[in-house]
Each structure stands twice: as C-alpha cells, then as structure tokens.
Amino acid sequence: MSDKTKFELEFVIQSSPQMLYQYLATPSGLSEWFADNVNSRGEIFSFIWDGSEEEAKMLKRKSDEFVKFAWEESDDDTYFEMKIIVDEITKDVSLFITDFADEDEIDEAKMLWENQVSDLKQVLGSK
C-alpha cells in the first residue's frame, strides 16, 4: 500500500457529459488543458510539460462517464481518476477528481488541479 493520501475534488462544469469526456479521454482533448502536449500509444499516454515527459497508463474508461490513469513511474497502487457526474434532478454536470499525494503536498496538488480545471472550463466556455 502507498503512503500517499487519497483526496477528492468536485467541480461544476457547464458542458454536456459527451463533450467533457472528449477533453478527459483523448490526447487532443487533454493537451488543450491538462498538459502542454499529450500523445498516446494504445493505453499508454505521454504527458509533456515544459519539456519533461511523464507516462500514464489508462487503466479504465467508460464513455461519457470516467477515465482512470496510473502514472507509470509510481510503484504503488495510486491513480488519478476523472469522473463525470450528472445530477439526476438538476442535470448539473460535475467533474469529480480523485488523486493521491504525500500528506504535506495535498494542498499543492489540489491547487494544481484547481488551476488545470480552470483551464478546462475556459476551453469549454464554462464559468
């Protein structure tokens, strides 16, 4: 088991689940907001930031619902997941993020996600 701590974030996104999913599950969609560039070979996605590259394996995906990745370099059972939740009554669309970080880096990791999702909202034209 890992010594990292699991954390979750929720963001309301004004988008259809279908459109949002394209930005979560495709290299072209992810490179619009998550990384400078994203390439994939099958299940392996290469995320490039400022010239450095990290690879993640797509563990699971369900169309218009969620994607789950694990960083190749981590030797534990951590992952990050982006799940689309639609409220049955209001039809509001939320993006649920599950990720792991060291205890002393959780605030920083949450802030990073908040910045990334802010970029995603801009790309989607969501508030």
Side-chain angles (χ1 to χ4, degrees):
M1 202 55 191
S2 110
D3 54 358
K4 294 191 182 232
T5 304
K6 180 178 179 179
F7 66 91
E8 296 176 323
L9 298 166
E10 180 181 8
F11 303 93
V12 175
I13 308 268
Q14 292 168 340
S15 168
S16 70
Q18 297 77 13
M19 187 165 149
L20 180 55
Y21 183 78
Q22 295 306 309
Y23 285 94
L24 306 180
T26 65
S28 61
L30 285 162
S31 64
E32 294 262 344
W33 68 279
F34 188 73
D36 297 337
N37 196 7
V38 181
N39 301 305
S40 70
R41 291 178 312 286
E43 315 244 296
I44 304 298
F45 282 63
S46 298
F47 295 91
I48 299 156
W49 290 275
D50 297 328
S52 71
E53 187 173 335
E54 288 190 52
E55 292 192 335
K57 180 175 186 182
M58 185 180 277
L59 301 175
K60 281 182 169 171
R61 68 196 265 167
K62 186 167 183 189
S63 221
D64 306 337
E65 289 188 31
F66 74 91
V67 290
K68 184 175 185 175
F69 291 95
W71 295 112
E72 289 284 287
E73 79 208 12
S74 42
D75 50 2
D76 51 29
D77 53 2
T78 59
Y79 60 89
F80 67 99
E81 182 178 65
M82 298 178 279
K83 190 181 292 186
I84 301 167
I85 308 283
V86 180
D87 185 288
E88 288 186 16
I89 297 163
T90 64
K91 300 299 179 203
D92 285 345
V93 175
S94 291
L95 176 61
F96 246 85
I97 309 279
T98 304
D99 199 357
F100 293 80
D102 291 324
E103 192 68 50
D104 60 346
E105 294 175 358
I106 287 183
D107 289 341
E108 195 177 315
K110 285 182 177 180
M111 202 179 308
L112 186 64
W113 275 111
E114 286 165 8
N115 290 335
Q116 302 292 76
V117 172
S118 173
D119 290 348
L120 172 62
K121 287 180 173 186
Q122 275 191 305
V123 169
L124 288 165
S126 174
K127 293 182 179 74

Ring centers of W71, F100 separated by less than 6.0 Å: no
Heavy-atom closest contact (M58 atom, A25 atom, distance): CE-O, 3.8 Å
Intermediate values then yes/no, side chain to side chain contact (heavy atoms under 4.5 Å, CB included), L124 and M19: CA-CA 9 Å; L124 288 165; M19 187 165 149; 3.6 Å; yes
Shortest non-hydrogen contact between A35 and W49, atoms and distance: CA-NE1, 3.4 Å
Shortest non-hydrogen contact from Y21 toward R61: OH-NE, 3.3 Å
Nearest atoms (heavy-atom pairs only) where V67 meets L24: CG2-O, 3.5 Å
Hydrophobic cluster membership, L30 vs L112, 4.5 Å side-chain cutoff: no
W113 and F34: CA distance, side-chain angles, deciding distance, ring-ring contact (aromatic ring centres under 6.0 Å, His included) verdict: CA-CA 9 Å; W113 275 111; F34 188 73; 5.5 Å; yes
I106 with Y79, same ILVMFWY side-chain cluster at under 4.5 Å: no
Taking every non-hydrogen atom, the tightest pair across K121 and F11: CE-CB, 4.5 Å
Polar side-chain atom of D76 near backbone of T78 as donor-acceptor pair, under 3.5 Å: yes
Spacing of E8 atom CD and K110 atom NZ [to the nearest 0.5 Å]: 9.5 Å
Any donor-acceptor N/O pair, D36 side chain to D50 backbone, under 3.5 Å: yes
Greater than 12 external heavy atoms within 6.0 Å of E108's CD: no
Smallest separation among heavy atoms of F66 and E81, with atom names: CD1-OE2, 3.7 Å
With M82, the side chain to side chain contact (heavy atoms under 4.5 Å, CB included) member among L95, V117, D99, T98: L95
E54/E72 under side chain to side chain contact (heavy atoms under 4.5 Å, CB included): CA gap, chis, key distance, verdict: CA-CA 8 Å; E54 288 190 52; E72 289 284 287; over 6 Å; no
Enclosure of E103 CD (heavy-atom neighbours >12, cutoff 6.0 Å): no
Interatomic spacing from CG in N37 to OG in S46 - rounded to 0.5 Å: 9.0 Å
Cluster check Y23, I48: I/L/V/M/F/W/Y, side chain < 4.5 angstrom: no
Give every donor-acceptor pair under 3.5 Å between a side-chain atom in residues 84-94 and any protein atom, sequence neighbours left out.
from, atom 1, to, atom 2, distance (Å)
D87, OD1, I89, N, 2.8
D87, OD1, T90, N, 2.8
D87, OD1, T90, OG1, 3.3
T90, OG1, D92, N, 3.2
T90, OG1, D92, OD2, 3.3
K91, NZ, E88, O, 3.3
S94, OG, E10, OE2, 3.0

Evaluation steps, side chain to side chain contact (heavy atoms under 4.5 Å, CB included), between V38 and T26: CA-CA 9 Å; V38 181; T26 65; over 6 Å; no
S126 vs S15 side-chain heavy atoms within contact, under 4.5 Å: no
Salt-bridge present (E55, R41; N to O < 4.0 Å): yes
Within 6.0 Å of NZ in K68, more than 12 heavy atoms from elsewhere: yes
